[in-house]
Amino acid sequence: MDGWDKPVGSSVGAMMSEDNGSTPTSPLVNQSCAGLKCYMVLFEAEKTAIGSICFLAGPFTFLENALVLGVIAATAALRQRPSYLFISSLALADIFASCFFTTSFLDFHLFHRLDGPNAYLFKLGGVTMAFTSSVGSLLLTALDRYLCIHQASSYKVVLTRRRALLALLALWSATILISFLPLMGWRCPTGLSQPCSRLFPYIDHRYLACWVSFILVLLSLILGAYALILWRANRHEASMTGLQGAPTRGQARMRLDIRLARTLGLILLIMVGCWLPTLSFMLADVSVQLTHFQQRAFAFCSTMCLVNSAVNPLLYALRCRELRVALMRLLGCLSEGQGCCQRHVGGDTTLTLPLGESNSCSAHSESEAPRLVSCRPNTVSEMVGKQQLDMTGK
């Protein structure tokens with residue numbers, strides 16, 4: 001069986017075959033690799049556990065993101081708004097992640113498929129594109145909410161549908177280019193030996209360092225955007241408390257900034273918890289020589305990125321009230337037949353939502369403020385929408 005080449009002075013039996021499930025006598029991965037099998041380090045119990053995560057999370061991620069994408073595409077009022085365009089991009093990226101990551105990961109680690117360099121790098125490029133686009137879409141969603149609360153009066157002018165589409169075009173173009181750079185030539189010049197990554201065959205350390213740095217920059221910008229949103233909400237609540245005095249009995253409920261902090265804390269905790277371990281192993285791979293235990297731990301941590309894609313629709317889409325309303329109307333139309341959906345001239349079967357049901361920044365008007373402000377917001381989008389209504393309704 002192919003394996004890692006041994007450094008001078010090491011014993012011939014330092015590396016055991018992975019098929020018999022034995023542990024190598026030396027924990028260090030050696031200097032060069034003679035084939036792809038030396039990257040297949042999972043034991044049978046680990047294959048079962050990680051395979052179960054992929055088999056469960058993969059289809060679930062695909063179905064819920066496809067549902068979100070279908071509801072937005074079928075609802076005319078939603079697909080016209082920049083906020084839901086960004087959520088659609090996030091759902092599409094997570095659909096790709098559920099397909100590319102699940103099939104590639106199981107094909108390589110569980111079924112031991114030995115592809116050539118170009119075939120392997122093409123599959124890896126699909127996985128990289130999916131996860132990079134997912135993080136990029138999270139950044140656009142965070143920036144959308146930042147503009148919504150910091151430039152509430154001019155939000156609809158600053159972030160138009162055309163500009164949102166241009167931002168998505170730029171994001172996906174850059175993502176595709178970055179993801180397939182190894183396939184286009186930026187790969188290990190020495191095959192599978194140094195400076196090749198110990199986590200990904202044919203990947204150069206310098207490319208891995210650049211990609212990890214790029215993702216860390218995106219995550220830092222997301223954290224910064226949500227920190228500014230929380231800071232602005234805290235200032236606004238403090239100013240409103242000073243103007244209105246002590247809250248009355250009807251107003252005695254949790255402050256907006258505290259509810260917002262809890263929601264943002266949950267979002268950031270899940271995002272950082274899923275991504276930080278994986279990125280940490282990648283950074284370690286760039287700088288030090290990984291052990292077999294660290295390689296196996298990375299295989300488990302990488303599945304957490306898929307779990308993050310499964311959680312994204314629950315955090316960003318399905319908690320939005322108007323999207324749930326659109327979903328229930330769509331399910332009602334499907335159960336009753338197509339006739340109830342054909343309400344528009346020319347046979348347009350897409351669903352529309354009344355303007356009064358909107359809770360996004362792009363749909364509010366001053367006339368809606370008294371009614372909508374009295375409603376308790378449950379999601380970040382609705383909290384940010386309430387924030388705009390408070391400022392524009394003074």
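Everything quoted here is computed from the prediction, not taken from an experiment.
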Students often mix this up, so state it plainly: with edges at 30° and 60°, are the rings of [X] and [Y] parallel, tilted or perpendicular?
{"X": "F108", "Y": "Y120", "value": "tilted"}
{"X": "Y207", "Y": "W186", "value": "perpendicular"}
{"X": "F180", "Y": "F122", "value": "tilted"}
{"X": "H109", "Y": "F105", "value": "tilted"}

Give the minimum heavy-atom separation between [X] and [Y], together with the two atoms involved.
{"X": "G51", "Y": "L106", "result": "CA-CD2, 4.0 Å"}
{"X": "C54", "Y": "L306", "result": "CA-CD2, 4.3 Å"}
{"X": "P82", "Y": "A164", "result": "CB-CB, 3.7 Å"}
{"X": "T61", "Y": "A310", "result": "OG1-CB, 3.1 Å"}
{"X": "S88", "Y": "I72", "result": "OG-CG2, 3.2 Å"}
{"X": "V272", "Y": "P277", "result": "O-CD, 3.9 Å"}

Return the [atom1] to [atom2] distance between [X] and [Y], rounded to the nearest 0.5 Å.
{"X": "I95", "Y": "N65", "atom1": "CD1", "atom2": "CG", "answer": "5.5 Å"}
{"X": "L219", "Y": "L139", "atom1": "CG", "atom2": "CG", "answer": "9.0 Å"}
{"X": "L124", "Y": "I203", "atom1": "CG", "atom2": "CD1", "answer": "5.0 Å"}
{"X": "D204", "Y": "L181", "atom1": "CG", "atom2": "CG", "answer": "11.5 Å"}
{"X": "S134", "Y": "N312", "atom1": "OG", "atom2": "CG", "answer": "5.0 Å"}
{"X": "L276", "Y": "L283", "atom1": "CG", "atom2": "CG", "answer": "9.0 Å"}

Does any part of the side chain of [Y], heavy atoms only, come nearer than 4.5 Å to the side chain of [X], both counted from C-beta?
{"X": "F96", "Y": "S133", "result": "no"}
{"X": "K123", "Y": "R113", "result": "yes"}
{"X": "M282", "Y": "F200", "result": "yes"}
{"X": "R161", "Y": "Q80", "result": "yes"}
{"X": "I178", "Y": "M129", "result": "no"}
{"X": "E64", "Y": "D94", "result": "no"}
{"X": "F131", "Y": "W275", "result": "yes"}
{"X": "D144", "Y": "L140", "result": "no"}

(request) Verify the distance criterion only: is there a donor paired with an acceptor across the side chains of R232 and Y146 at less than 3.5 Å? (result) no
(request) Using only heavy-atom distances, determine whether the side chains of S137 and S89 contain a donor-acceptor pair under 3.5 Å. (result)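 A donor-acceptor contact under 3.5 Å links the two side chains.
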(message) Within 45 degrees of the ring normal and closer than 6.0 Å to the centroid, is that where the cationic atom of R296 sits relative to F43?
(response) yes
Kindly say whether [Y] contributes a backbone atom to a donor-acceptor pair with the side chain of [X] at under 3.5 angstrom?
{"X": "T103", "Y": "F100", "result": "yes"}
{"X": "Q295", "Y": "L290", "result": "no"}
{"X": "S197", "Y": "L199", "result": "yes"}
{"X": "R324", "Y": "R319", "result": "yes"}
{"X": "H292", "Y": "V41", "result": "no"}
{"X": "T48", "Y": "E44", "result": "yes"}
{"X": "H205", "Y": "S287", "result": "no"}
{"X": "T160", "Y": "R163", "result": "yes"}

Does [X] belong to the same Ile/Leu/Val/Met/Phe/Trp/Tyr cluster as [Y], with side-chain heavy atoms less than 4.5 Å apart forming each link?
{"X": "L269", "Y": "I215", "answer": "no"}
{"X": "I270", "Y": "F101", "answer": "yes"}
{"X": "L165", "Y": "L159", "answer": "yes"}

(request) Could you check D107 against H112 for side chain to side chain contact (heavy atoms under 4.5 Å, CB included), going step by step and ending with a plain yes or no? (result) CA-CA 6 Å; D107 210 22; H112 291 183; over 6 Å; no
(message) Strictly below 4.0 Å, N to O, side chains only: are E322 and R81 in salt-bridge contact?
(response)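 Looking at R81 together with E322, the answer is yes, because their closest N to O distance falls below 4.0 Å.
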(request) Assess whether atom CZ of F298 is packed by more than 12 heavy atoms of other residues, nucleotides or ligands within 6.0 Å. (result) yes
(request) Output, in order, the C-alpha distance, side-chain angles, deciding distance and verdict of side chain to side chain contact (heavy atoms under 4.5 Å, CB included) for V286 and V212. (result) CA-CA 10 Å; V286 173; V212 172; 5.9 Å; no
